[in-house]
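Reading through the structure tokens given below for one structure.
Start at 1 with the first residue, then count along the sequence. Both ligands and their constituent atoms are indexed starting at 1 by order of listing.
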Amino acid sequence: MRPAGWKLLAMLALVLVVMVWYSISREDSFYFPIPEKKEPCFQGEAERKASKLFGNYSRDQPIFLQMKDYFWVKTPSAYELPYGTKGSEDLLLRVLAITSYSIPESIQSLKCRRCVVVGNGHRLRNSSLGDAINKYDVVIRLNNAPVAGYEGDVGSKTTMRLFYPESAHFNPKVENNPDTLLVLVAFKAMDFHWIETILSDKKRVRKGFWKQPPLIWDVNPRQVRILNPFFMEIAADKLLNLPMKQPRKIKQKPTTGLLAITLALHLCDLVHIAGFGYPDAHNRKQTIHYYEQITLKSMAGSGHNVSQEALAIKRMLEIGAVKNLTFF
Ligand SMILES: *[C@@H]1O[C@H](CO)[C@@H](O)[C@H](O)[C@H]1NC(C)=O
Ligand SMILES: *[C@@H]1O[C@H](CO)[C@@H](O)[C@H](O)[C@H]1NC(C)=O
Ligand SMILES: *[C@@H]1O[C@H](CO)[C@@H](O)[C@H](O)[C@H]1NC(C)=O
Ligand SMILES: *[C@@H]1O[C@H](CO)[C@@H](O)[C@H](O)[C@H]1NC(C)=O
């Protein structure tokens, strides 16, 4: 062979080596096959798709409220609760002093975050989705939804549980994992007051709630987070087109479920939902939750418009911002 021929051959060999090395370095599973196939996850995908709904909403917003935003530089909030913290700053400060705001390192360090929001819907019954749900990096649950006894259908992993005082009737130790974050969704200033009294064992308050919240609630304050009301604001404004400046009594507000999806679209790269959806309005006998025998009647006067929320979720499904694990 002439020298030029050898040169060409050497070049080809080099290209081949680089290609093989590249494919190995890209694909961790080349040497260590992962037995369970996970959903492909693309960094930033949820954000990209959700921007069609939320527009250019600020990704700089912290997920959880933190002391420094209130103590040193008083972050002015345009709205009162549940859309902002205007007027509740003093109560909030006392809560932030005893709770925390960090996102766990196990989530922070992920290149791509696969999340599932588990709604409380009846469709989860006998769904056998437990194993599938447990495989997500982040599992978000709502209110008093039980896990114990329902593991096969709803899984046992709980990364975050969103709740408000009146929905906190669950045993934090039994229905959560030791590292579950308990995320308070505040609707009114009294909600901050409640969490403060319960965490620092002060005199309990009984008035000012539409249902008696727990008086004893055994949780580690370091596991408690305060959700940034910004998510309530964009869920109400961008998903439900609700007026932000409402008369004193809020007429309509997003459900914790819709709020959780909004939060997930901000926190995660891939968002799946399970157990969302309510029966048709005329279906009066159908139970709505997987764990209790209540019907749509119990939703009357709750300030939630479930048909409007269904439309909002359908829209998110259509544009591919979220995917459903159960039939909606
Ligand atoms: C969003 O922001 C980007 C860059 O700041 C801008 O180019 C784009 O036009 C904005 N989109 C909308 C819908 O406002
Ligand atoms: C779930 O499965 C159990 C046992 O197979 C059955 O008795 C029950 O009726 C099912 N429940 C629903 C809601 O389908
Ligand atoms: C709920 O939303 C639907 C769809 O947007 C609307 O037609 C209906 O009037 C709303 N119901 C109430 C009670 O506001
Ligand atoms: C998700 O919902 C669509 C309808 O919106 C339905 O066709 C599909 O079967 C559902 N997916 C699953 C896995 O249930």
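Considering backbone and side-chain atoms together, N305 places an N or O closer than 3.5 Å to an N or O of ligand 3.
Salt-bridge check for E166 with K188: passed, with a basic side-chain N closer than 4.0 Å to an acidic carboxylate O. A salt bridge is defined here as a Lys NZ or Arg NE, NH1 or NH2 lying under 4.0 Å from an Asp or Glu carboxylate O, and K323 with E39 meets this definition.
Put simply, atom 5 (O) of ligand 3 has protein non-hydrogen atoms near it, under 4.0 Å away. Inside a 4.0 Å radius of atom 11 (N) of ligand 3 there is at least one protein heavy atom.
With contacts defined as side-chain heavy-atom distances shorter than 4.5 Å, the pair V185/P82 does not qualify.
The six-membered or imidazole ring of Y290 lies near that of Y150, with a centre-to-centre distance under 6.0 Å.
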